[in-house]
4 protein chains.
Amino acid sequence: MTTSDSRLRSVHQTAYRVLYGDTDSGGVVYYANYLRYFEAGRTELLRHYGTSYRALEDQGFILPVVECKCRYKASAFYDDLLVIETTLVEVKKISCRFDYRILRESDQKLLVKGYTIHAVVNREGRLSRFPDDYLKILNLICDEK
Amino acid sequence: MTTSDSRLRSVHQTAYRVLYGDTDSGGVVYYANYLRYFEAGRTELLRHYGTSYRALEDQGFILPVVECKCRYKASAFYDDLLVIETTLVEVKKISCRFDYRILRESDQKLLVKGYTIHAVVNREGRLSRFPDDYLKILNLICDEK
Amino acid sequence: MTTSDSRLRSVHQTAYRVLYGDTDSGGVVYYANYLRYFEAGRTELLRHYGTSYRALEDQGFILPVVECKCRYKASAFYDDLLVIETTLVEVKKISCRFDYRILRESDQKLLVKGYTIHAVVNREGRLSRFPDDYLKILNLICDEK
Amino acid sequence: MTTSDSRLRSVHQTAYRVLYGDTDSGGVVYYANYLRYFEAGRTELLRHYGTSYRALEDQGFILPVVECKCRYKASAFYDDLLVIETTLVEVKKISCRFDYRILRESDQKLLVKGYTIHAVVNREGRLSRFPDDYLKILNLICDEK
């Protein structure tokens with residue numbers, strides 16, 4: 001499902017149910033696991049728009065994360081249904097950036113905000129550029145109103 | 001470090017400190033994570049005997065787990081220092097089996113027992129045989145008294 | 001969704017999409033992560049029948065895994081959509097057992113089979129019995145034809 | 001082991017061997033797992049100075065991460081021996097910040113830089129202050145020359 005936020009950029013939403021295996025003995029989701037949820041968010045955003053991360057891999061490119069940041073506002077608990085909101089906010093020839101907001105479905109409380117920046121790398125492990133057709137799709141997603 | 005158990009087969013011991021990220025909101029180590037500890041155990045056993053899992057990979061073979069079993073006797077907690085005891089109990093031309101016992105260092109309590117069985121698979125993903133030199137090493141480890 | 005298998009016992013199905021974070025550098029899902037999928041399977045089975053694992057916790061009981069076993073038949077890959085089939089096959093006053101089959105949705109290939117056995121433990125960490133009402137629900141699920 | 005860097009602040013080093021279970025099908029360590037390594041780093045730093053995170057928990061306080069950031073410079077691979085360098089760079093009455101650098105031991109290549117900021121929270125989940133004795137220790141660590 002995709003909705004528009006106030007900045008008129010498309011926000012993609014995907015749901016995730018917290019497993020026991022995601023939590024820690026503090027009784028809440030372990031902080032590293034939100035980065036897994038970010039991955040689920042960006043993957044499903046791309047799938048929603050008819051492409052996929054796998055499609056890029058099949059062309060010989062990967063998109064490693066070169067930077068990420070998380071701000072933890074409130075805790076998620078075991079069995080919570082989370083909503084991962086993902087937005088593709090920037091597309092360059094050699095990189096892109098996704099922003100994320102993770103909310104609890106039941107009370108719509110904002111739990112985590114963050115972003116990831118990705119570089120394009122080819123099969124030999126060298127910094128590279130997006131293939132043209134893939135870049136076109138990303139720009140369409142990013143500019144969608 | 002390596003010690004001999006009553007069955008006169010060499011037992012390799014490796015230590016592991018439990019992270020917050022290994023526990024769950026039940027206050028104990030999540031059950032799946034003991035399989036990670038098993039991996040650490042067999043990796044360090046091979047390294048102790050002068051070979052490695054990576055060495056096998058470099059020859060074009062991998063050792064996927066085809067079966068594993070765990071019996072959970074008692075819980076491990078955050079910050080516990082664990083001792084992973086690993087024994088190579090069986091070596092065949094196309095497979096091998098490791099047994100594991102995980103204890104808490106402070107009270108020597110047995111927490112988990114289990115095993116993993118591994119098949120030899122080549123680069124094309126086909127069932128294969130151990131390379132001769134690697135098989136020789138494994139047999140030496142397995143037979144050590 | 002729930003279907004009946006040839007043994008006339010209800011089988012619950014839940015879907016899971018493989019993340020990058022679930023795979024390892026062998027190019028396939030890491031063997032420990034199937035135990036996470038098992039957890040998702042039994043949680044969703046209980047939810048489907050109108051109860052939950054959390055409901056049991058709220059009554060002061062937990063259900064730690066005392067034994068688990070996995071047989072790995074074939075590999076799951078990044079971005080595969082998996083089907084986790086879960087069956088509650090045995091309910092006793094102090095324990096229960098779930099069986100699992102994990103298949104790839106696209107080709108219906110069986111990837112993993114396994115089970116988990118759970119004991120009932122109370123707040124003080126002592127072996128205990130299921131509360132009567134919870135036992136009744138589990139027996140209904142287990143006996144369903 | 002602890003060394004001094006050019007800024008004359010004590011840097012604590014702890015070692016970690018990369019497991020198969022830490023890597024992903026891109027052939028490198030999955031980006032979320034560096035946050036686990038950060039946790040190992042700060043835990044061992046505190047232990048080195050004669051205190052522990054568990055000691056704080058025993059006094060009824062936890063230290064949830066409220067913000068973290070990672071910059072990924074180069075990839076870690078399966079079986080790499082990593083060095084996690086941790087520095088306590090800031091201590092306030094209600095929060096503290098750790099900085100991290102992760103290097104590969106073999107070539108001393110810098111792989112990841114990052115930080116975590118932690119708030120003090122009491123048993124009721126409210127923002128709180130460090131207990132006096134714990135604050136004293138943290139200030140000693142932070143100011144060490």
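Convention: sequence-line order gives letters A, B, ...; per-chain numbering from 1.
For the atom pair OH of A/Tyr37 and CG of C/Leu19, the computed distance is 10.0 Å after rounding to the nearest 0.5 Å. The OH atom of C/Tyr20 sits 4.5 Å away from atom OH of A/Tyr53, with the distance rounded to the nearest 0.5 Å.
Summarising the local packing, CZ of C/Arg71 is surrounded by 12 or fewer heavy atoms from other residues, nucleotides or ligands at distances under 6.0 Å. Heavy-atom neighbours of A/Asp132 CG from other residues, nucleotides or ligands within 6.0 Å: at or below the threshold of 12. A 6.0 Å sphere centred on CZ of C/Arg54 holds more than 12 heavy atoms belonging to other residues, nucleotides or ligands. For C/Leu110, the CG atom sits in a packed shell: over 12 heavy atoms of surrounding residues, nucleotides or ligands are nearer than 6.0 Å.
Using modelled atom types, one side-chain atom of C/Glu39 and one backbone atom of A/Gly21 make a donor-acceptor pair closer than 3.5 Å.
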Is there a side-chain contact (heavy atoms from CB on, under 4.5 Å) between A/Asp79 and C/Arg47? Walk through the geometry before answering. CA-CA 11 Å; A/Asp79 212 40; C/Arg47 195 187 321 280; 2.8 Å; yes
